[in-house]
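Reading through the structure tokens given below for one structure.
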Amino acid sequence: QVQLVESGGGLVQTGGSLRLSCAASGRTFGSYTTAWFRQTPGKEREFVASISRSGGVTSYSDSVKGRFTVSRDNVKNTMWLQMSSLKPEDTAVYYCAAPGRPIIGSRVSSSSEYAYWGQGTQVTVSS
């Protein structure tokens with residue numbers, strides 16, 4: 001079992017940047033693809049970005065592609081989400097997630113594939 005803790009959220013203006021961190025415990029973090037999701041009240045939790053276990057393969061939702069960058073350091077047991085050119089529609093609680101088993105590449109965006117979730121960190125983008 002792995003524990004995940006997000007941090008780095010806050011209030012920023014449109015066009016600003018934030019860097020979210022996800023600190024993980026346990027040795028399993030570096031064994032699997034991990035991901036960022038976000039959720040707004042009344043809306044389904046949506047995929048944001050994922051990164052393969054070694055960091056070589058990343059995936060992004062169309063809404064954030066080109067603006068967000070996901071990275072990881074398995075020695076530090078940490079994953080980051082660098083968010084730039086933020087828009088009001090990026091406002092959400094952001095969660096990091098890790099699976100309990102390997103994920104087929106085509107399913108990295110499916111929340112059901114992830115067994116472990118952080119508590120979330122709030123990102124608010126004002127217009």
Side-chain angles (χ1 to χ4, degrees):
Q1 185 171 329
V2 63
Q3 297 182 75
L4 307 171
V5 179
E6 304 94 337
S7 63
L11 175 64
V12 298
Q13 296 181 357
T14 297
S17 299
L18 278 177
R19 185 177 176 87
L20 306 183
S21 297
C22 173
S25 65
R27 294 185 295 274
T28 61
F29 178 78
S31 298
Y32 308 110
T33 290
T34 52
W36 289 96
F37 288 78
R38 65 187 182 186
Q39 188 168 28
T40 301
K43 188 177 180 181
E44 179 92 0
R45 186 170 297 184
E46 66 172 333
F47 172 77
V48 176
S50 69
I51 184 166
S52 63
R53 60 180 178 83
S54 61
V57 180
T58 57
S59 182
Y60 300 91
S61 68
D62 290 339
S63 62
V64 307
K65 188 176 179 64
R67 300 186 299 118
F68 291 10
T69 301
V70 63
S71 60
R72 73 189 298 165
D73 186 329
N74 294 336
V75 174
K76 296 181 178 180
N77 278 352
T78 303
M79 176 175 64
W80 297 272
L81 183 68
Q82 177 65 51
M83 306 184 295
S84 300
S85 300
L86 284 163
K87 306 174 181 179
E89 50 262 46
D90 294 319
T91 295
V93 176
Y94 284 71
Y95 299 88
C96 60
R101 59 173 178 79
I103 299 176
I104 297 173
S106 62
R107 296 193 58 78
V108 295
S109 63
S110 299
S111 61
S112 62
E113 296 292 331
Y114 299 89
Y116 306 105
W117 298 83
Q119 84 289 350
T121 185
Q122 176 71 48
V123 172
T124 302
V125 184
S126 61
S127 60

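Index from 1, following the sequence.
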For [X], which residues count as a side chain to side chain contact (heavy atoms under 4.5 Å, CB included) partner, sequence neighbours excluded?
| X | result |
| --- | --- |
| S126 | L11, Q13 |
| Q3 | S25 |
| E89 | K87 |
| P102 | Y32 |

Residues that [X] engages under side chain to side chain donor-acceptor pair (under 3.5 Å), provided they are two or more places apart:
| X | answer |
| --- | --- |
| D73 | none |
| S61 | S63 |
| T124 | Q122 |

Practice item. Any chance you could measure T34, atom OG1, to R53, atom CZ, to the nearest 0.5 Å? Key: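 So the OG1 of T34 and the CZ of R53 are separated by 12.0 Å.
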Review point. CD/Q39 to CD/E44 distance, rounded to the nearest 0.5 angstrom?
Key: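 Taking CD in Q39 and CD in E44, the distance rounds to 7.5 Å.
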Between [X] and [Y], what is the shortest heavy-atom contact and its length?
| X | Y | result |
| --- | --- | --- |
| V2 | A98 | CG1-CB, 4.1 Å |
| S85 | S17 | N-OG, 4.3 Å |
| R72 | S52 | NH1-O, 2.9 Å |
| T14 | S127 | OG1-CA, 3.3 Å |

Review point. Which residue pairs pass the ring-ring contact (aromatic ring centres under 6.0 Å, His included) test with at least one member in residues 36-82, sequence neighbours excluded?
Key: F37-F47, F37-Y114, F37-W117
Check your understanding: For Y94 and E6, what are the C-alpha separation, side-chain angles and deciding distance, and is it a side chain to side chain contact (heavy atoms under 4.5 Å, CB included)?
Key -> CA-CA 8 Å; Y94 284 71; E6 304 94 337; over 6 Å; no
Exercise for review: Can you tell me which residue pairs pass the disulfide bond (SG atoms under 2.5 Å apart) test with a partner in residues 80-127, sequence neighbours excluded?
Suggested key: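 Output for this query lists C22-C96.
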Point to revise | Pairs meeting criterion disulfide bond (SG atoms under 2.5 Å apart) with involvement of residues 29-94, two or more places apart | key: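 Qualifying pairs, neighbours excluded: none.
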Exercise for review: Output every pair passing salt bridge (Lys or Arg N to Asp or Glu O under 4.0 Å) with a member in residues 99-112, not counting sequence neighbours, ordered by first then second residue.
Suggested key: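 Output for this query lists R101-E113, R107-E113.
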Practice item. Enumerate the residue pairs fulfilling salt bridge (Lys or Arg N to Asp or Glu O under 4.0 Å) with a member in residues 61-70, sequence neighbours excluded, ordered by first and then second residue. Key: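 Counting only pairs at least two positions apart or across chains, the salt bridge (Lys or Arg N to Asp or Glu O under 4.0 Å) contacts touching residues 61-70 are R67-D90.
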Exercise for review: Check whether any side-chain heavy atom of M83 sits under 4.5 Å from a side-chain heavy atom of V125, and report yes or no.
Suggested key: no
